[in-house]
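Shown next, in structure tokens, is the structure this report addresses.
Each ligand, and each atom within it, is numbered from 1 in the order the structure gives.
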Amino acid sequence: MIEPQTVTVALEGRAYDVIIGRDLIAQAGRMVRPLLKRAVTAVVMDSIVASFHGEALLSALRSEGIIAHPVIVPPGEGAKSFEGLADLSDRLLSLELDRGDRVIAFGGGVVGDLTGFAAAIYKRGIDFVQIPTTLLAQVDSSVGGKTAIDTLRGKNLIGAFHQPCLVLADMGVLDTLPDREMVCGYAEVIKYGLLGDRAFFEGLEARVGGVLGRNTDDLAWAVRRCVEMKARIVAEDEREGGRRALLNLGHTFGHAVEAATGFSEALKHGEAVGLGCAQAFRFSARLGLCSGQEAVRAERAIAAAGLPTALRQIAGHPFHADDLIASMAQDKKAEAGALTFVLARAIGEAFVAKGVDPGPLRAFLIDEGALP
Ligand code: GLY
């Protein structure tokens, strides 16, 4: 049994706590009740989370006298669409929630992003609570207020910054998470060490088995450090004018490969981030920004979690270098088509590189196994 730990996201006037621990869902009623003006809320979750944990959360809320309406959305990325948003908004309206009420997003990144965006625009904005049920959502997407849906032109292109008013990261829910999802979440965990904390990275080298094996101490340590780093970066740069872009380490490379595989189950987002981090370090070494040994060490630590580190490991290989570069130029970080990457001088020392020359990038991708 571990004591819950609290990390505060110190945004002026909108500060909120991220509480990390076990058995938090059982205490959710007590933690959420003070945030509610009246004892009513809606719990948005997909049918899978509902079947594993829905009753536990609803009972915990009801035990504090809260009328908790379950709102079930379909599982999978497809829910993050205009249709999914319209359906969810309509269901919240039918519950007659008003601006003083709060909605609870209970699930992984899809439910968090969709519910957060619905909350951002529902009656011009109501507050929401995040109760993330995947490792990836606990260390990344539930904190920081990025909310969005997808369109046919790409993922997360329509959205809003809308911060939650509380995040409850209950490690107990990770017990039922498939191993592949734990590995995907780990890609975002190691990303934090790679981008800004060498000691954390070295700790992960030693504790990868414990984190993936759901050892409570290892998990609590890792989730807490990631949330601390994210909270600090978001408090400094909420709207990604600068430093927050560091959180996109591995995402420009990874996103291009995800797009080339049609965002299919063949390559999950976390796996793409693992691959992308390895590529970002190899590309940094190639440009002479960091040493080859650092790139090899980063790659080994990513591979130790069972994440892919090379294009040839991905179904659909070989990819075309020009297709990958075209996707990279569409990235939300790209400005006027100029390529932006997060590169590194060493493990724990990432920086944002704007205006990267496509020539060396193309040669690098071909050496990585892409077709000319
Ligand atoms: N996932 C990157 C960010 O929240 O900025």
### Nearest protein heavy atom with distance in Å, relative to atom 1 (N) of ligand 1
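Result for atom 1 (N) of ligand 1: Asp140 OD2, 2.8 Å.
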### Query
Tell me, which protein residue and heavy-atom name are nearest atom 4 (O) of ligand 1, and how many Å apart are they?
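So the nearest neighbour among protein heavy atoms is Lys230 NZ, 2.5 Å.
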### Message
I'd like to know if Glu188 pairs up with Lys191 as an ion pair, taking the criterion as any Lys NZ or Arg NE/NH1/NH2 lying under 4.0 Å from an Asp or Glu carboxylate oxygen.
### Response
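Lys191 and Glu188: salt-bridged.
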### Message
Under a 4.0 Å threshold between the charged nitrogen and the carboxylate oxygen, would Glu64 count as salt-bridged to Arg30?
### Response
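Looking at Arg30 and Glu64, the cut-off is not met.
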### Task
Report the relative orientation of the aromatic rings in Phe341 and Phe253; use parallel for angles under 30°, tilted for 30 to 60°, perpendicular for over 60°.
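Tilted: the ring planes of Phe341 and Phe253 meet at 30° to 60°.
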### Query
With a cut-off of 4.0 Å, which atoms of ligand 1 are near a heavy atom of Arg244?
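It comes down to these atoms of ligand 1: 3 (C), 4 (O), 5 (O).
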### Query
Does the side chain of Glu240 come under 3.5 Å of the side chain of Asn248 through a donor N or O and an acceptor N or O?
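Their side chains do contain a donor-acceptor pair, which is all the 3.5 Å distance test asks for.
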### Nitrogen or oxygen of Lys191 less than 3.5 angstrom from that of ligand 1
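No, since none of the N or O atoms of Lys191 sits under 3.5 Å from an N or O of ligand 1.
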### Query
His251 near ligand 1, heavy-atom distance under 4.0 Å?
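Under 4.0 Å: no for His251.
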### Message
Both conditions, 6.0 Å and 45 degrees, for the charged tip of Arg345 above the ring of Phe351: are they met here?
### Response
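Yes.
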